[in-house]
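Report on the following structure.
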Amino acid sequence: MKALQSFLQLFPASIAQAHCDVPCGVYEPDSMTWAAETCFKLVEKMEALELPAQDDKHHVLEFHNTMSRSVVIKEEFAQICKKEALILWTDYFKAEHLDRWPDLHDKVWNLTKQCSVVKRSVSVVEATKLKEMVAELANIFHETKK
Amino acid sequence: MKFPLAIYQVKGHSMEPTLYSGQRVVISRLGKGRPGNLVIFKKNAQTMVKRIEKIEGDHVMVRGDHPDSTDSRSFGSVRRSQILGKVLF
């Protein structure tokens, strides 16, 4: 085999692409998992913030600054979570996976909807639900690799 | 008339463990292949190598040997006229 390959190297050859999802193995559920975890931590932090006294200007400003930043980052990471889940859905999962997980479309649909719920709300319950949905999809992803 | 044999160099990993990136193969331009055969074909302005999964009339479904392959499951079937030849070895 090695001798044949060495022999064939002597001749000019055209290229035949053997594409994987370019390049192989770039798909992973970790980004979506971290994004959901980030949302959860932010919601926890927001719920724990103490309201300052209205005449305490310094603390009022600090409160609004922290809350605003948390909202912005929560919004951003909920969007990342949605985007990463959709990438797996549209680019990674194939028809054969649907045979094994017939409700895969519904799972992704509900997960991405939950990302929007987490954007709209400040609720540990909703953020936990998103984490669970993400863990379930990540688990399916890992199962496909076995 | 073209010479019936041609040499192609594989680029990519979708045919592993059968073919590895950089490996060279010899094809017969006379054969269009049957299910199970490796074929070289043109699709989306690219020359590709995959395995024939099934043939339905003029539509040939191709698939890579690697689980992460991009093939007919994502880009659809290949027409028989797009097949350049069957891999001999």
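We name chains A, B, ... by the order of the sequence lines, and we start the count at 1 in each one. Nothing here was measured: the structure is a model prediction, and the numbers come from that model.
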Minimum heavy-atom distance A:Lys94-B:Ser69, with the two atoms named
CE-O, 3.5 Å
A:His105 NE2: over 12 foreign heavy atoms closer than 6.0 Å:
no
On a heavy-atom basis, the closest approach of A:Ile15 and B:Thr47 is O-CB, 3.6 Å
Select, from A:Ala95, A:Ser14, A:Pro12, the one with the greatest count of heavy-atom pairs under 4.5 Å involving chain B.
A:Ser14
Using a 6.0 Å cut-off, check whether atom NZ of B:Lys86 has over 12 heavy atoms from anything other than its own residue.
no
Hey, what do you get for NE2 (A:His97) to CZ (B:Arg73), rounding to the nearest 0.5 Å?
7.5 Å
Of all of A:Gln17, A:Gln9, A:Gln5, A:Glu96, which one pairs up most often with chain B through heavy atoms under 4.5 Å apart?
A:Gln17
Taking a hydrophobic cluster as the set of Ile, Leu, Val, Met, Phe, Trp and Tyr residues connected by side-chain heavy atoms closer than 4.5 Å, whether directly or through intermediates, do B:Phe89 and B:Val49 fall within one such cluster?
no
When you group the ILVMFWY residues by side-chain heavy-atom contacts below 4.5 Å and let the links chain together, are B:Val39 and B:Ile55 in the same group?
yes
Among B:Arg24, B:Gln23, B:Met48, single out the residue with the greatest number of heavy-atom pairs under 4.5 Å to chain A.
B:Arg24
Tell me whether A:Leu49 is reachable from A:Val125 by hopping between hydrophobic residues (I, L, V, M, F, W, Y) whose side-chain heavy atoms are closer than 4.5 Å.
no
Do B:Leu5 and A:Phe7 share a hydrophobic cluster (ILVMFWY, side-chain heavy atoms under 4.5 Å, transitive)?
yes
Less than 4.5 Å to any heavy atom of chain A: does that hold for the side chain of B:Phe41, its backbone, both, or neither?
neither
